[in-house]
Amino acid sequence: MKIAKPKLSFWQIFNMNVGFLGIQYSFGLQQTAVNPIFSFLGAEHDQLPLLNLAGPVTGLIIQPIIGAISDKTWSPRWGRRKPFFLIGALLGSLCLFAFPFSPALWFAVGLLWILDVGNNMAMEPYRAFVGDKLPNSQLSFGYQMQSLFVGAGIVLANASIFLFQDWFGGVEEVTESVTSIPKWLYYSFFIGAVLSISTILWSVLKTPEIPPTEEELEDIKKHNALSLSARIKAPILEILDAIKDMPKFMWKLSAVYLFQWYALFVYWQFIAPMFKESMGLNSSEALSQAAKMNTTYNISTIVFALALVPLALKYGGKKVYVLSLFLTGIAMLSIPYIQDPLLVVLPMVLFGIGWAAMMGIPYSMVSKIVPQERRGVYMGILNMMIVIPMGIQTLTFGPIVKHLLSNSAVNAILFGGVFFIIAGVLALRLKQPKSTDEDEDIVVSVGSGH
């Protein structure tokens, strides 16, 4: 017996995704502010990749395991996915509040590890949560709505950085003698701490989860009856088994993701240092300019996220996704050659279109081809395909930028642009997957009006 899934209204899908605003605000701070904070606390260029190892390692371990555990979880009061992203959001809030008080580099790096654990604990169940709730005909819309909130959260984070720097940045904080975290940057982290938990609570309170079928409940009861050691092993065995049965489409997507996410990590680490090199800006000015760039591309994401839905339906998700990768590559290849602080934001419109597609279309395509009862673990495996390239980047790019790219942030950004073009070429090999379920099999009336 299949789980009955109603078609939801615009506002039901909207409310379901509000929690992504807080998660992605936190992610926006990680993109733009964390590496400059490391630099403020004494980190060198070639150290930045390795200092970002927290993201890939925690993502690789936490997301698939939490996904597998949440697949085998059900509470009539708390649901299946909600307990995990509630705990993750609370952990993230505490870390964001503490981050600007970091007294030394080691302390900031440690907090980043804990913050990433919280964000990853929230992220994967949230992806599965949307897939659980929506019929196939609304999956594209649901995941593109997530892209909209991805953009909105990161826009708010980055806008807060350059606005607070403009409003509250003192003369002493725009000189090269800065060796501690500027006070104006504190406010961005405090806002993130509030948004992380409050937006998740909004979605939790507004969106009921669909109860498991009798067969799923029986499976969950059998799982809970296992010994503690067996239950600890079960998620790992489930992940290995799911990888063994993984659709060929996901294997091809992993090759695309290798170059795509390697390049994205390069961009986030080196965009601020690039402006010090290409425009001669000081540390605070370069951070502010990077925040403006990231704000621009995420505004573009908000504008184009839902507009991509009809395009994907008309031309196919693959074509839209391939085009998005090429556009992002063109954007990165052009940024270092534009000297005007205003004109340099124009390529970020292309980058934002690409980001909107990257954060929605692959999830929609994968969600349609994996079985409902294993959606959590497969969303976790999809995240493994993201964090493994990031892990490779953190371990390899320090020596690459130091010895092959003349320790140049400009060359690092150009390197990332080439990798995006390669990802686009590999994406041409993707074969549009067919859904495992048909929408006409889903017959149920709409329940809650949230």
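For clarity, every value in this text was computed on a predicted model and none was experimentally measured.
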J.: Heavy atoms only: give me the nearest Pro347-Ile338 pair and the separation to one decimal.
T.: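 Looks like CG-CD1, 3.7 Å.
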
J.: Leu253 versus Leu382: any side-chain heavy-atom pair under 4.5 Å?
T.: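 Side chain of Leu253 against side chain of Leu382, heavy atoms only: contact under 4.5 Å found.
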
J.: When you compare the side chains of Asn298 and Gln24, does any donor N or O come within less than 3.5 Å of an acceptor on the partner?
T.: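 No pair is found: no donor N or O on one side chain lies under 3.5 Å from an acceptor on the other.
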
J.: Tell me, which pairs form a side-chain hydrogen bond (donor to acceptor under 3.5 Å, both in side chains) where one or both residues lie in residues 50-60, sequence neighbours left out?
T.: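 For residues 50-60, and leaving out neighbouring residues, the side-chain hydrogen bond (donor to acceptor under 3.5 Å, both in side chains) pairs sorted by first residue read Asn35-Asn52, Thr58-Asn120.
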
J.: Checking Phe149 now: which residues fulfil ring pair (Phe, Tyr, Trp, His ring centres under 6.0 Å) with it, not counting sequence neighbours?
T.: Phe14

J.: After noting the C-alpha distance and the side-chain angles of Phe99 and Leu112, does the key distance pass the side chain to side chain contact (heavy atoms under 4.5 Å, CB included) rule?
T.: CA-CA 8 Å; Phe99 209 100; Leu112 180 60; 4.2 Å; yes

J.: For Gln260 and Leu325, indicate whether the former's side chain and the latter's backbone hold a donor-acceptor pair under 3.5 Å.
T.: no

J.: Are Val401 and Asn411 close enough, and set up right, to give a side chain to side chain contact (heavy atoms under 4.5 Å, CB included), and what steps lead you there?
T.: CA-CA 8 Å; Val401 75; Asn411 290 341; over 6 Å; no

J.: Given side chain to side chain donor-acceptor pair (under 3.5 Å), test Tyr25 with Ser160 step by step and report yes or no.
T.: CA-CA 10 Å; Tyr25 186 102; Ser160 75; 3.2 Å; yes

J.: Taking all atoms of both residues into account, what is the closest heavy-atom pair of Met365 and Lys318, and its distance?
T.: SD-N, 4.2 Å

J.: Is Leu105 close to Leu51 at the side-chain level, that is, under 4.5 Å between some pair of heavy atoms?
T.: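 They are in side-chain contact.
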
J.: Within a strict 4.5 Å, meaning less than it, do heavy atoms of the Ser203 and Phe20 side chains meet?
T.: no

J.: Counting N and O atoms only, with roles assigned by atom type, does the side chain of Thr296 sit under 3.5 Å from a partner on the main chain of Lys292, one being a donor and the other an acceptor?
T.: yes

J.: Side-chain contact, heavy-atom cut-off 4.5 Å: Asn158 with Met293?
T.: no

J.: How long is the gap from CG on Asp116 to CE on Met121, to the nearest 0.5 Å?
T.: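 Rounded to the nearest 0.5 Å, the CG-CE separation comes out at 12.0 Å.
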
J.: Side chain to side chain contact (heavy atoms under 4.5 Å, CB included) for Ile388 and Ile392? Distances and angles first, verdict last.
T.: CA-CA 6 Å; Ile388 288 173; Ile392 294 171; 4.0 Å; yes

J.: Counting only N and O atoms by type, is there a donor-acceptor contact under 3.5 Å from the side chain of Thr301 to the main-chain atoms of Gly352?
T.: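 Between the backbone of Gly352 and the side chain of Thr301 there is a qualifying donor-acceptor contact (under 3.5 Å).
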
J.: Tell me the closest heavy-atom pair linking Leu414 and Pro336, and the distance in Å.
T.: CD2-CG, 3.8 Å

J.: Donor-acceptor pair, distance only, cut-off 3.5 Å: does the side chain of Gln138 make one with the backbone of Leu8?
T.: yes

J.: Taking all non-hydrogen atoms of both residues into account, name the closest pair between Ile299 and Val155 and its distance.
T.: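 Heavy atoms only, the tightest pair is N-CG2, 3.2 Å.
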
J.: Is a side-chain donor or acceptor of Ser196 paired with a backbone partner of Ala89 at a separation under 3.5 angstrom?
T.: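 Looks like yes, one N/O pair under 3.5 Å.
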
J.: In chain order, what residues pass the ring pair (Phe, Tyr, Trp, His ring centres under 6.0 Å) check against Phe259, with sequence neighbours excluded?
T.: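 Expected list: Phe419.
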
J.: Is a donor on one side and an acceptor on the other found under 3.5 Å between the side chain of Lys206 and the backbone of Gln12?
T.: no

J.: Rounded to the nearest 0.5 Å, what separates atom CG in Leu395 from atom CD1 in Ile400?
T.: 11.0 Å

J.: Say you draw a straight line from CG of Leu115 to CG of Leu111; how long is it, rounded to the nearest 0.5 Å?
T.: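 Those atoms lie 8.0 Å apart.
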
J.: Could you grab the distance from atom CD of Gln47 to atom NZ of Lys402, nearest 0.5 Å is fine?
T.: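 With rounding to 0.5 Å, CD (Gln47) is 9.0 Å from NZ (Lys402).
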
J.: Not counting sequence neighbours, which residues clear ring pair (Phe, Tyr, Trp, His ring centres under 6.0 Å) with Phe351? List them please.
T.: Tyr267, Tyr297

J.: Are Ile200 and Ile23 packed together at the side-chain level, in the sense that at least one heavy-atom pair is separated by less than 4.5 angstrom?
T.: yes

J.: Could you tell me if the side chain of Asn119 sits less than 4.5 Å from the side chain of Phe27, heavy atoms only?
T.: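 Phe27 does not reach Asn119 side chain to side chain.
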
J.: With a sphere of 6.0 Å drawn around CZ of Phe101, does it hold more than 12 non-hydrogen atoms of other residues, nucleotides or ligands?
T.: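 More than 12 within 6.0 Å, yes.
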
J.: Looking at Phe164 versus Tyr186, is the centre-to-centre ring distance below 6.0 Å?
T.: no

J.: Quick one: ring pair (Phe, Tyr, Trp, His ring centres under 6.0 Å) pairs with a partner in residues 303-330, sequence neighbours left out?
T.: none

J.: Please evaluate residues Val366 and Phe249 with respect to the criterion side chain to side chain contact (heavy atoms under 4.5 Å, CB included), reporting the C-alpha separation (whole Å), side-chain torsions for both, the decisive distance (0.1 Å), and the verdict.
T.: CA-CA 8 Å; Val366 170; Phe249 174 83; 4.0 Å; yes

J.: Answer yes or no: is there a side-chain heavy-atom contact under 4.5 Å between Met385 and Met250?
T.: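 Of all side-chain heavy-atom pairs linking Met250 with Met385, at least one is under 4.5 Å.
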
J.: Drop me the distance from Ile161's CD1 to Leu287's CG, to the nearest 0.5 angstrom.
T.: 5.5 Å

J.: Using the ring pair (Phe, Tyr, Trp, His ring centres under 6.0 Å) definition, which of the options Trp355, Tyr262, Phe397 pairs with Trp268?
T.: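 Of all the options given, the one that passes is Trp355.
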
J.: Given 3.5 Å as the limit, does a donor-acceptor pair link the side chain of Ser408 with the main chain of Val410, or not?
T.: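 Yes: the side chain of Ser408 pairs with the backbone of Val410.
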
J.: Please confirm whether the backbone N or O of Val204 pairs with a side-chain atom of Lys82, one donor and one acceptor, at under 3.5 Å?
T.: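 Side chain of Lys82 to backbone of Val204, a donor-acceptor pair under 3.5 Å: yes, one is there.
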
J.: Taking Thr394 for its side chain and Leu50 for its backbone only, find out whether a donor-acceptor pair lies under 3.5 Å.
T.: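 Answer holds: no.
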
J.: Taking ring pair (Phe, Tyr, Trp, His ring centres under 6.0 Å) as the definition, give me every residue that meets it alongside Phe85, ordered by chain and number, with sequence neighbours left out.
T.: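 If we apply the ring pair (Phe, Tyr, Trp, His ring centres under 6.0 Å) test to Phe85, skipping adjacent residues, the hits are Tyr126, Phe129.
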
J.: Do Met348 and Ile335 have side chains that get closer than 4.5 Å, going by heavy atoms?
T.: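 In contact.
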
J.: Roughly how far, to the nearest 0.5 Å, is the CG atom of Leu21 from the CG atom of Leu156?
T.: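 So the gap between those two atoms works out to 6.0 Å.
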
J.: Surrounding NZ of Lys252 (heavy atoms of other residues, nucleotides or ligands, distance under 6.0 Å), is the total greater than 12?
T.: yes

J.: Mind listing the closest non-hydrogen atom pair of Phe190 and Pro100 along with its distance?
T.: CE2-CG, 4.1 Å

J.: How far apart are the closest heavy atoms of Leu308 and Ala356, and which atoms are they?
T.: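 Leu308 and Ala356 have their closest heavy atoms at CD1-CB, 3.8 Å.
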
J.: Does Lys133 reach the main-chain N or O of Pro208 with its side chain, forming a donor-acceptor pair under 3.5 Å?
T.: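 The answer is yes, because a donor-acceptor pair under 3.5 Å joins these two groups.
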
